[in-house]
Amino acid sequence: MADADDVRRLALALPHVVEIDSDGFDFRVENKGFVWSYPERLPGKPRVIRTDVAVVYVGDEGEKQALLLGEPGLFFTTAGYDGLPLVMVRLAEASVERLAELITDAWRMRAPAELQESPQDG
């Protein structure tokens, strides 16, 4: 079972990552977001930052659909993310190892090639 502290630790272990000041967590590399806390929007209610759910960049619609269909207990999406290469991860359902894989993959897809020496080696 993973949590927001695991997201923070894993994201900050990667090269050139900065955390943006927010009510939850928000991590970027070269000003490109790759993992952040879910800003839930319910009709008629103010936005609520959910630190129990991570939004993760997945690269493309094919990968998004594969994750959603393959692991529906772990991943979900909402209409607000239709057409975007993002999935939401229920942190309580994720192992730390699985979360590390997702965050590292998201970082690799967003970081420029010259930064990608080997994030796990440093």
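Closest heavy-atom contact between R98 and L67: NH2-CD2, 3.5 Å. When all heavy atoms of L91 and D3 are compared, the closest pair comes out as CD1-C, 3.8 Å. Here the shortest heavy-atom pairing between A2 and D6 reads CA-OD2, 3.3 Å. The shortest heavy-atom contact between P15 and V29 is O-CG2, 4.1 Å. Pairing each heavy atom of A92 with each of M1, the nearest pair is O-CG, 3.5 Å. When all heavy atoms of S37 and I49 are compared, the closest pair comes out as OG-CG2, 3.3 Å.
Under the side chain to side chain contact (heavy atoms under 4.5 Å, CB included) rule, F34 has a single partner from D26, L14, V58, V56, which is L14.
Summarising the geometry, atom CG belonging to L102 is positioned 7.0 Å from atom CG belonging to L74; distances are rounded to the nearest 0.5 Å. Here the CE atom belonging to M88 is positioned 9.0 Å from the CD atom belonging to E40, to the nearest 0.5 angstrom.
Look at E30 and R110 and you find no salt bridge, because none of the NZ, NE, NH1 or NH2 atoms lies under 4.0 Å from a carboxylate O.
Using a 4.5 Å heavy-atom cutoff, the side chains of W36 and I20 are not in contact. With a 4.5 Å cut-off on side-chain heavy atoms, D52 and R90 do not count as touching. Looking only at side-chain heavy atoms (C-beta outward), E93 and F75 stay at 4.5 Å or farther from each other. Side-chain contact between V96 and R9 is present, with at least one heavy-atom pair separated by less than 4.5 Å. Residues P39 and R47 are in side-chain contact: their nearest non-hydrogen atoms beyond the backbone lie under 4.5 Å apart.
Cation-pi geometry between R50 and Y38 is not satisfied (NZ or CZ under 6.0 Å from the ring centre, within 45° of the ring normal).
Between the side chain of K64 and the backbone N or O of V87 there is no donor-acceptor pair closer than 3.5 Å.
Hydrophobic cluster membership is shared by L99 and L68, with clusters built from Ile, Leu, Val, Met, Phe, Trp and Tyr side chains linked at under 4.5 angstrom. Placement of Y57 and F27 in two distinct hydrophobic clusters is found when ILVMFWY residues are connected by side-chain heavy-atom separations under 4.5 Å, directly or transitively. Hydrophobic clustering (side-chain heavy atoms under 4.5 Å, transitive across Ile, Leu, Val, Met, Phe, Trp, Tyr) keeps L86 apart from L10. Under the 4.5 Å side-chain heavy-atom criterion for Ile, Leu, Val, Met, Phe, Trp and Tyr, V48 and V89 are members of distinct hydrophobic clusters. Under the 4.5 Å side-chain heavy-atom criterion for grouping Ile, Leu, Val, Met, Phe, Trp and Tyr, M109 is connected to V55 within one hydrophobic cluster.
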Mind running side-chain contact (heavy atoms from CB on, under 4.5 Å) on V17 and R28 for me, showing each step along the way? CA-CA 6 Å; V17 170; R28 299 182 188 191; over 6 Å; no
